[in-house]
Amino acid sequence: MKIIDGKEISNNIKAKIAKEVEEMLKKGHRAPHLAAILVGEDGASQTYVASKEKSCKEVGFISSVYRLPDTITENELLNTIKFINEDEDIDGLILQLPLPKHISENKLIEAIKPEKDVDGFHPVNIGKMVLGQETYLPATPAGIIEMISHAKIETEGKECVVVGRSNIVGRPTSVLMSRDFKPGNCTVTLCHSKTKNLREICKRADILILAIGKPEMIDETYIKKGASIIDVGIHRVEDSTKKSGFRLVGDLNYESAAKVAGAISPVPGGVGPMTIVALLQNTLKAAKKQIQ
Ligand code: NDP
């Protein structure tokens with residue numbers, strides 16, 4: 001069984017991005033600049049933003065974080081986005097989700113200038129993705145595609161089953177896997193909580209992509225022999241043998257799946273680091289557009 005090492009792939013891509021930044025600086029341009037808006041004190045969101053900041057530093061990007069209280073009004077937040085949209089020294093903007101309940105995520109995402117929407121969540125960018133036009137692909141699906149490409153997993157004509165239809169992971173991934181593109185050209189089935197016979201459908205998959213949010217739900221009984229599995233889920237489960245008191249697991253029961261699968265992207269060290277690298281790639285692309 002092959003382990004698809006997202007950490008190694010992402011480190012190689014980061015090294016290439018860092019080289020490109022050096023070249024930009026040598027030519028007298030400024031480094032790419034990624035801004036993040038973080039509202040409130042949610043622990044997971046703070047961790048995600050911190051790791052994005054760290055990755056920006058590693059490749060030589062400028063990063064800035066707008067930390068705002070969860071008492072902020074929708075209008076104040078819209079004004080912050082407007083300010084960043086107009087700042088020519090900022091190439092990309094990410095709005096860390098989830099937002100407090102009194103703020104409409106859709107309204108705010110739509111306020112981000114599509115040219116700076118390096119998360120690829122704006123309806124204009126989603127539309128372009130569906131049409132196969134040049135755009136910023138959403139980071140997690142883009143990271144998955146990049147990982148499949150680097151791991152040299154054959155996709156053309158294969159059966160791909162995606163479990164989970166969220167707007168940020170499952171649905172866009174299903175679109176990308178069905179594109180007339182390499183990797184792509186799969187026959188795709190998109191499953192969700194109302195799907196009947198999930199086990200039988202998953203068992204058809206040559207490539208099984210899990211974005212369910214249910215710790216270790218999928219075991220060997222869902223998997224065709226030799227299938228490639230991309231596990232997007234990430235969960236903390238209690239583990240008294242660990243110093244921290246927990247360990248990270250995915251939507252896949254790894255030990256069980258490893259008996260039959262041909263390849264697995266592990267958790268941690270699979271899709272997570274690829275997501276961040278895709279965000280960096282989008283930001284680099286945005287910065288290059290500014291100097292064209
Ligand atoms: P959501 O909760 O938004 O979506 C989950 C999807 O899974 C829904 O479409 C839901 O169906 C479906 N689902 C839930 N239960 C079942 C079930 N029993 N059988 C079949 N389908 C089911 O999650 P996200 O897409 O945001 O995230 C999924 C996982 O990926 C999470 O663990 C998250 O932490 C992780 N993640 C990891 C990232 C990374 O970089 N590594 C990035 C983003 C997410 P329905 O639509 O019917 O409700």
Side-chain angles (χ1 to χ4, degrees), residues 3-7 9-11 13-14 36 42-55 94-99 105-106 109 118-121 126 136-148 160-177 188-205 208-219 221-223 229-237 246-254 264-282:
I3 294 173
I4 308 168
D5 190 343
K7 186 105 191 105
I9 300 168
S10 69
N11 281 340
I13 299 173
K14 274 192 203 164
D42 179 69
S45 293
Q46 286 179 338
T47 308
Y48 291 138
V49 169
S51 82
K52 287 167 192 172
E53 270 186 290
K54 182 170 161 266
S55 299
I94 54 173
L95 179 63
Q96 186 63 45
L97 303 177
L99 294 172
E105 287 185 358
N106 285 345
I109 290 170
V118 289
D119 254 339
F121 292 164
I126 298 278
Y136 302 116
L137 298 179
T140 302
I144 292 170
I145 296 293
E146 189 89 44
M147 186 156 77
I148 287 174
C160 173
V161 174
V162 180
V163 191
R165 58 176 163 186
S166 73
N167 289 338
I168 60 167
V169 190
R171 194 183 302 281
T173 302
S174 73
V175 170
L176 295 175
M177 292 301 283
V188 178
T189 307
L190 181 57
C191 302
H192 45 78
S193 67
K194 312 289 187 301
T195 297
K196 291 200 167 69
N197 304 325
L198 183 68
R199 187 178 272 104
E200 286 69 30
I201 295 171
C202 289
K203 236 183 153 140
R204 293 206 308 253
L208 179 60
I209 302 177
L210 305 172
I212 315 169
K214 299 268 187 271
E216 299 185 312
M217 176 182 147
I218 303 295
D219 65 13
T221 64
Y222 289 74
I223 297 165
I229 304 171
I230 308 294
D231 189 1
V232 187
I234 182 152
H235 317 274
R236 277 182 176 190
V237 295
F246 70 87
R247 70 193 154 89
L248 293 177
V249 299
D251 290 340
L252 186 71
N253 180 329
Y254 186 93
I264 298 180
S265 77
V267 178
V271 175
M274 293 305 299
T275 295
I276 293 193
V277 128
L279 182 66
L280 296 176
Q281 285 176 314
N282 280 348

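Nothing fancy with the numbering, it's 1 onward along the sequence. A quick note: this is a predicted structure, and the numbers were derived from the prediction, not measured. One-based numbering, in listed order, for ligands and for the atoms of each.
- Using a 4.0 Å cut-off to heavy atoms of Gly233, the atoms of ligand 1 that qualify are 29 (C), 30 (O), 32 (O), 35 (C).
- Heavy-atom contacts of Gly213 reach the following atoms of ligand 1: 28 (C), 29 (C), 31 (C), 32 (O) (cutoff under 4.0 Å).
- Residue Val169 approaches ligand 1 through these ligand atoms, each under 4.0 Å from one of its heavy atoms: 25 (O), 43 (C), 44 (C).
- Between the side chain of Glu146 and the backbone N or O of Ala278, no donor-acceptor pair lies under 3.5 Å.
- In terms of protein heavy-atom proximity, atom 20 (C) of ligand 1 is closest to His192 O, 3.2 Å.
- Screening Leu208, Thr195, Ile201, Thr189 for a side chain to side chain contact (heavy atoms under 4.5 Å, CB included) involving Val163 leaves a single residue, Leu208.
- Residue Arg165 has at least one N or O atom closer than 3.5 Å to an N or O atom of ligand 1.
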side-chain contact (heavy atoms from CB on, under 4.5 Å), that's the test. Do Glu216 and Leu252 meet it? Break it down for me.
CA-CA 4 Å; Glu216 299 185 312; Leu252 186 71; over 6 Å; no
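- Close contacts of ligand 1 with Thr275, meaning ligand atoms under 4.0 Å from a residue heavy atom, involve 39 (C), 40 (O).
- Residue-ligand proximity, Lys214 to ligand 1, at heavy-atom distances under 4.0 Å covers atoms 15 (N).
- The structure places OG1 of Thr140 at 9.5 Å from CD1 of Ile276, a figure rounded to the nearest 0.5 Å.
- For atom 14 (C) of ligand 1, the choice among Ile212, Val267, Val232, Val249 with the nearest heavy atom turns out to be Ile212.
- Side chain to side chain, Ser166 and Arg171 fail the donor-acceptor criterion of an N or O pair below 3.5 Å.
- When the shell of 6.0 Å around CZ of Arg204 is examined, it contains more than 12 heavy atoms from other residues, nucleotides or ligands.
- To the nearest 0.5 Å, atom CE of residue Met177 and atom CD1 of residue Ile144 are 9.0 Å apart.
- By the definition of a contact as any protein heavy atom under 4.0 Å away, atom 26 (O) of ligand 1 is in contact.
- For ligand 1, the atoms lying closer than 4.0 Å to a non-hydrogen atom of Met217 are 17 (C), 18 (N), 19 (N).
- Counting only distance, with no hydrogens or angles, the side chain of Ser265 and the backbone of Asp231 share a donor-acceptor pair below 3.5 Å.
- When heavy-atom distances to ligand 1 are checked against a 4.0 Å cut-off, Ile168 comes that close only through its side chain, counted from C-beta outward.
- Taking any N or O of Leu198, backbone or side chain, none lies under 3.5 Å from an N or O belonging to ligand 1.
- Nearest to atom 4 (O) of ligand 1 by heavy atom, out of Ser166, Pro141, Gly164, is Ser166.
- Residue contact check: His235 has heavy atoms under 4.0 Å from atoms 32 (O) of ligand 1.
- For Ser193, a nitrogen or oxygen atom sits less than 3.5 Å from a nitrogen or oxygen atom of ligand 1, counting backbone and side chain alike.
- Contact annotation: for Thr140 versus ligand 1, heavy atoms closer than 4.0 Å belong to the side chain alone.
- Atom CD1 in Ile264 sits 8.5 Å away from atom CD1 in Ile4 (nearest 0.5 Å).
- Side-chain N or O atoms of Asn282 include one that pairs as donor or acceptor with a backbone N or O of Leu137 at under 3.5 Å.
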Decide side-chain contact (heavy atoms from CB on, under 4.5 Å) for Phe121 and Asn167; before the verdict, give the C-alpha distance in whole Å, the side-chain angles of both, and the deciding distance to 0.1 Å.
CA-CA 8 Å; Phe121 292 164; Asn167 289 338; over 6 Å; no
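- Proximity to Gly272 (heavy-atom distance under 4.0 Å) selects the following atoms of ligand 1: 40 (O), 41 (N).
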